[in-house]
Amino acid sequence: MLINSNFQPKREKNDRLPPGQYETRDFPVLSLGPTPDVKKESWNLRVFGLVESEKTWNWEDFNKLPKIDWQKDIHCVTKWSKFDTRWSGVMLDEIMNPPAGGVKVSDTATHLIAYSHDGYTTNLPIEDIRDGKAMIAVSYDGAEIEAEHGGPVRLLVPHLYFWKSAKWLKALEFVTGDKPGFWETRGYHNYGDPWQEERYSFD
Ligand SMILES: Nc1nc2c(c(=O)[nH]1)N[C@H]1C(S)=C(S)[C@@H](COP(=O)(O)O)O[C@H]1N2
Ligand SMILES: [Mo]
């Protein structure tokens, strides 16, 4: 299928730093708790909710789905941005594409909820995970994703603040009518566009 992997929000040419951000070369770790020990061998991805029939992939089956390489800038609400991070993984488009082995999502679904092994959740409008905008990443910088950065599998939605990129991904739920996640119910913005500085709900 056709995937626009070069999706970037509109912005001034050469201006890669969203307002209020600074560039870092490090890769800071931001987790709300201890790093869960998620083994590839027992890892599953369950996709459920408003789908024709729910589906669970194990590591082996998941890795048979088509993967692409992605080079993206990431922006954390705590104000660091990191340019040109290199990932590879399966686009959400494949997960939602029955001919590729994905699920058939109901037309009534408006949002995706991501669930993680540490109890974290985050919500995303469906348009923001379609058409080459979101990846389920299995590798970072040419190697397996380190545990503290969400390995073995994390979500990646780089056009929104990085808290939307759920680490230690275990399930995806399609819903209608939204369902704010961990940070979204604790004062973070419900959408989180770095170019609009959508950091908090009560600014
Ligand atoms: N499961 C899970 N995902 C998460 C988090 C978390 O605590 N748990 N933190 C979020 C936040 S606030 C940020 S900024 C990024 C940090 O990712 P990193 O630690 O790889 O830099 O992960 C996001 N995804
Ligand atoms: Mo964050």
Side-chain angles (χ1 to χ4, degrees), residues 16-40 42-48 59 62 70-90 92 95 111-125 128-129 133-173 179-203:
R16 305 172 71 178
L17 201 59
Q21 298 289 111
Y22 64 88
E23 188 193 350
T24 181
R25 304 285 167 112
D26 305 329
F27 196 171
V29 173
L30 281 109
S31 306
L32 46 101
T35 296
D37 183 16
V38 184
K39 301 254 189 296
K40 284 188 296 197
S42 52
W43 174 86
N44 278 324
L45 179 69
R46 176 181 174 222
V47 180
F48 69 108
W59 176 257
F62 186 76
W70 236 23
Q71 185 163 314
K72 290 283 153 183
D73 300 347
I74 55 181
H75 311 291
C76 176
V77 72
T78 61
K79 301 202 165 176
W80 57 266
S81 290
K82 185 171 174 63
F83 294 154
D84 295 322
T85 61
R86 292 169 51 241
W87 306 86
S88 82
V90 177
L92 253 301
I95 299 297
H111 290 76
L112 177 76
I113 315 302
Y115 295 85
S116 298
H117 279 280
D118 58 345
Y120 189 83
T121 60
T122 191
N123 56 314
L124 293 148
D128 288 89
I129 55 144
K133 298 191 204 79
M135 170 183 275
I136 303 176
V138 297
S139 113
Y140 171 71
D141 223 4
E144 290 180 359
I145 301 174
E146 283 178 41
E148 58 184 7
H149 288 297
V153 177
R154 83 176 294 165
L155 189 61
L156 206 64
V157 193
H159 71 286
L160 299 176
Y161 281 123
F162 207 34
W163 87 76
K164 295 284 185 182
S165 295
K167 305 197 278 188
W168 314 296
L169 187 65
K170 69 169 186 189
L172 298 171
E173 180 187 16
K179 201 154 133 182
F182 182 88
W183 282 124
E184 294 84 1
T185 53
R186 287 167 176 80
Y188 281 25
H189 196 278
N190 196 49
Y191 183 60
D193 181 351
W195 297 94
Q196 304 298 325
E197 278 213 86
E198 292 174 345
R199 297 177 193 277
Y200 309 107
S201 307
F202 307 112
D203 281 355

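Note that the coordinates shown come from a computational prediction; the quantities given were computed from them, not determined experimentally. One is the number of the first residue; the rest follow in order along the sequence. First listed ligand is number 1; within each ligand, the first listed atom is number 1.
Here the side chains of Val47 and Leu45 are in contact, with some heavy-atom distance below 4.5 Å. With contacts defined as side-chain heavy-atom distances shorter than 4.5 Å, the pair Ser81/His75 qualifies. Within the 4.5 Å cutoff, the side chain of Met135 has no heavy atoms near those of the Lys72 side chain.
A search for side-chain contact (heavy atoms from CB on, under 4.5 Å) contacts involving Lys164 returns Thr122, Asn123, Leu124, Leu160, Glu184, not counting sequence neighbours. Annotation: ring pair (Phe, Tyr, Trp, His ring centres under 6.0 Å) contacts of His189 (sequence neighbours excluded): none.
Protein heavy atom in closest approach to atom 12 (S) of ligand 1: Trp163 CB, 3.5 Å. The closest protein non-hydrogen atom to atom 14 (S) of ligand 1 is Cys76 SG, 3.2 Å. Protein heavy atom nearest atom 19 (O) of ligand 1, with residue, atom name and distance: Lys167 NZ, 2.6 Å. Atom 8 (N) of ligand 1 has as its closest protein heavy atom Asp118 OD2, 2.7 Å. The protein atom (non-hydrogen) at minimum distance from atom 9 (N) of ligand 1 is Leu30 O, 3.1 Å. The protein heavy-atom contact nearest to atom 21 (O) of ligand 1 is Pro28 O, 2.6 Å.
The closest donor-acceptor contact from the side chain of Thr24 to the backbone of Asp26 lies under 3.5 Å. Checking side-chain atoms of Tyr120 against main-chain N and O of Trp163 turns up a donor-acceptor pair under 3.5 Å. Between the side chain of Gln71 and the backbone N or O of Thr85, no donor-acceptor pair lies under 3.5 Å.
Under a 4.0 Å criterion applied to the non-hydrogen atoms of Ala166, ligand 1 contributes the atoms 3 (N), 24 (N). Within the listing of ligand 1, atoms 7 (O) sit less than 4.0 angstrom from a heavy atom of Ser31. Atoms of ligand 1 found under 4.0 Å from any heavy atom of Trp183, numbered from 1 in the order shown, are 12 (S). Heavy-atom proximity to Val29, at under 4.0 Å, picks out these atoms of ligand 1: 19 (O).
Within the 4.0 Å heavy-atom criterion, the part of Trp168 lying near ligand 1 is the side chain and not the backbone.
Distances from atom 17 (O) of ligand 1 to the heavy atoms of Arg154, Lys170, His149 put Arg154 nearest. Ranked by closest heavy atom to atom 7 (O) of ligand 1, the top entry among Ile74, Thr121, Leu32, Leu169 is Leu32.
Between Ser116 and ligand 1, an N or O atom pair is found at a separation short of 3.5 Å. Taking distance alone, with nitrogen or oxygen atoms compared against 3.5 Å, Ser165 approaches ligand 1 more closely than that limit.
Here Arg86 does not pair with Asp84 in a salt bridge; the nearest charged N to carboxylate O distance is not below 4.0 Å.
For the ligand labelled ligand 1, residue Phe27 lies inside the 4.0 Å heavy-atom shell. Within the 4.0 Å heavy-atom shell around ligand 1 one finds Trp80. Heavy-atom separations between Phe182 and ligand 1 are all 4.0 Å or longer.
Among all heavy-atom pairs drawn from Gly20 and Lys79, the shortest one is O-CD, 3.3 Å. Listed here is the closest heavy atom pair of Pro28 and His149: O-CE1, 3.5 Å.
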